[in-house]
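See structure below.
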2 protein chains.
Amino acid sequence: MSTQSPRRKRATVHDVAIEAGVSRGTVSRVVNGERYVSDEARAAIEAAIVKVGYVPNTAARNLVMQRTQAVAFIVHEPGPLFVEDPNIGEILLGANATLSAADYQMTILVVDSERDTERVARFLRGGFVDGLIMVSARTDDPITRVIEQLELPAAFVGHPPGLTAAWVGIDNRGSARAVTERLVATGRRHIGMIAAALDRDSGVDRLQGFTDALGDRFRSDLVESVPLYSYSAGVDGMRALLARRPEIDGVFAASDAVAAGAIEALREAGRSIPDDVGVVGFDDSAWARRTHPGLSTVRQPAAGLGRAAAESVLAQLGGEQPLVDGIMVETAIVWRESA
Amino acid sequence: MSTQSPRRKRATVHDVAIEAGVSRGTVSRVVNGERYVSDEARAAIEAAIVKVGYVPNTAARNLVMQRTQAVAFIVHEPGPLFVEDPNIGEILLGANATLSAADYQMTILVVDSERDTERVARFLRGGFVDGLIMVSARTDDPITRVIEQLELPAAFVGHPPGLTAAWVGIDNRGSARAVTERLVATGRRHIGMIAAALDRDSGVDRLQGFTDALGDRFRSDLVESVPLYSYSAGVDGMRALLARRPEIDGVFAASDAVAAGAIEALREAGRSIPDDVGVVGFDDSAWARRTHPGLSTVRQPAAGLGRAAAESVLAQLGGEQPLVDGIMVETAIVWRESA
DNA sequence: TTGTACGCGTTATCAC
DNA sequence: GTGATAACGCGTACAA
């Protein structure tokens, strides 16, 4: 009467061997495409494999081979932002393309709670993956510390201060400086910034680049700091800036999403862009092409970052020492109408 | 002279046993928190564990336990769209929350090429996961067919025609009908639709709901079909509709991203919203709050879908039979200014 | 070219 | 309470 699950036991090498009338060793050789197998044995085994429906058990193979052909891609964003950040998707696809070409399975792990942190740590330590890529690490991150202890080939995208592992990134500071200089060059007198994510290297470096560009024109009350690279943070930041310094005529937003929010707030306030206020962003994400007017911004080669991170992990897997200085991927500035 | 990797061999249960002067069996009991271990033995073993730095090897455990405490979440979107679709992120977070609470590790797998399909199939068959959630399956999908053969507890989000596995979804047809009726009720005479993704159930059902609402007012040349739920597809679709039927005064876009694109095209054409043309969308994604005017749309409980899918997989893992009819999650209509 | 036997690191089942 | 010992499914020297 009990509705027992009818899932039959999976076929093993042993079953195939019996079916084909050979030994397990020979079956194993055929499965792994080795030489020194007679044609007749190979044929018999291949027939037996389909007949019994044999599929190699990866757990067993991992155990004896001591590797998994899998690399983790760890995402640690506060819930909703994961969804909003266009860069992560691009980085991820770039990394997957490179790993896939090398026949590695990329498994994305999202860390979204205290509980996740511990479970992911166990997962990584337990030999589920041969290496890992970590994106958007923060300085005070429990998971970041865990990873550093791990002795697993790793590559970070971005470099939290104090990190000793390999990393890839862009020159946030220089790029921020370059894009801000445009505002200076076009004669703006009161240039502000909506800084974001100052708990990460990217946020800090972009702010630093901004101050570099302004030199002694820098005024700290023209900087508003918001927690996240998000649209709504941009709206809030711009409103605050307008309230405090209504004469503002140029603004560097720490990301395109922030810039889009800022543009919305400027529109509310009746300012025209770029006539009243010039706006520049950062990322050249989909946001930049959808604002009115189009947003001048820094093109960040997100897919390239993913590829570079994957290559670093693969190199370490191949026995190479990680480059301690990190790898910089080139950016470019894209001029549109907003400044 | 060779820079040999200094990674020392990982400690095993065996090493702990020797260090603590007990047998492997007793160590295993302590590690798994079983009873019937003397306090002194437990203390000695716990000390030994930290001393030798023991961490359980998951591959070995999986092999003997025949389960992994991991569930795959498979995403199969054409590259860039993965990034654009806000629903996927929400679904993913909802699923992760539920799986995490049950102590399952969710591993996201992206299928982005032919090669990915095969590798993921091997991965799934190889015993890396105990179950899987599949999102945005398409009818003619190789990976979908592979999964159906798999005999692994699975739940689909959305239901491609002919699918026999468990699924969760929303009433796309009824919701599309309800939101379209608003256009009818407000006296629009020439109501069109930008249909999208007609290779999926969601795309087809939304179109069907639209025709339901219009009844004999339906005109096939007021429907434009675009391939993807994307912003740029919305721009193209609206332009085509305007060119063919300039008198159009209402439009149902198959998703908010499409609607945002449509609004952009209407703006180009100098039409005002909602005065000249009423627009409604679908999803209540972030797009809906960023258009001008705000978009009337269908709220899709994406996180709830993720949770429901995860619960289905967990139930199957617990031995229950999957519900063949699928599970519907409720939607709601959100009225804003666009219609 | 093929078969045998051992080891990978755990958990589970027994006796003790 | 505890300790042998047998699986779990596979790769691979080594012998034949």
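Order of the sequence lines fixes the chain letters, A, B, ..., with proteins taken first and strands second; residue numbering starts at 1 for each chain. Owing to the predicted nature of the structure, the values given are computational and were not obtained by experimental measurement.
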What is the nucleic acid contact for B:A41, judged by heavy atoms within less than 4.0 Å: base, sugar-phosphate only, or nothing?
-> sugar-phosphate

B:D116 and B:R119: salt bridge (Lys or Arg N to Asp or Glu O under 4.0 Å), yes or no, with the steps?
-> CA-CA 5 Å; B:D116 285 350; B:R119 191 173 18 69; 2.4 Å; yes

Pull out every residue in residues 61-72 of chain B that has a heavy atom closer than 4.0 Å to any atom of DNA chain D, ordered by number, or say none.
-> B:L63, B:V64, B:Q66

Which nucleotide sits closest to the side chain of B:E34: C:dA12, C:dT2, C:dT10?
-> C:dA12

Between B:E311 and B:T98, which heavy-atom pair has the shortest distance, and what is it?
-> CG-CG2, 3.9 Å

Identify whether any heavy atom of A:V31 sits under 4.0 Å from a base atom; if not, whether one sits that close to sugar-phosphate; answer base, sugar-phosphate or nothing.
-> nothing

Quick one: is A:Y36 getting a side-chain N or O under 4.0 Å of the D:dT12 phosphate, OP1 or OP2?
-> no

Among C:dT11, D:dT2, C:dT2, find the nucleotide with the atom closest to the side chain of A:S38.
-> C:dT2

Is the backbone N or O of A:T164 less than 3.5 Å from a side-chain atom of A:E148, with the two atoms forming a donor-acceptor pair by type?
-> yes

When all nucleic acid strands are considered with a 4.0 Å heavy-atom cut-off, which category describes A:V27: base, sugar-phosphate, or nothing?
-> nothing

Bend of the helix from C:dT1-D:dA16 to C:dC16-D:dG1 from end-axis comparison, five pairs per end, nearest 10°, comes to 40°

With the side chain defined as heavy atoms from C-beta on, A:V13 is closest, among C:dT1, D:dC10, D:dT2, to D:dC10

Contact list (N/O, under 3.5 angstrom) for nucleotides 3-6 of chain D vs protein:
from: D:dG3; atom 1: OP2; to: B:S23; atom 2: N; distance (Å): 3.1
from: D:dG3; atom 1: OP2; to: B:S23; atom 2: OG; distance (Å): 3.3
from: D:dG3; atom 1: OP2; to: B:T26; atom 2: OG1; distance (Å): 2.7
from: D:dG3; atom 1: N7; to: B:R29; atom 2: NH2; distance (Å): 3.2
from: D:dG3; atom 1: O6; to: B:R29; atom 2: NH2; distance (Å): 2.7

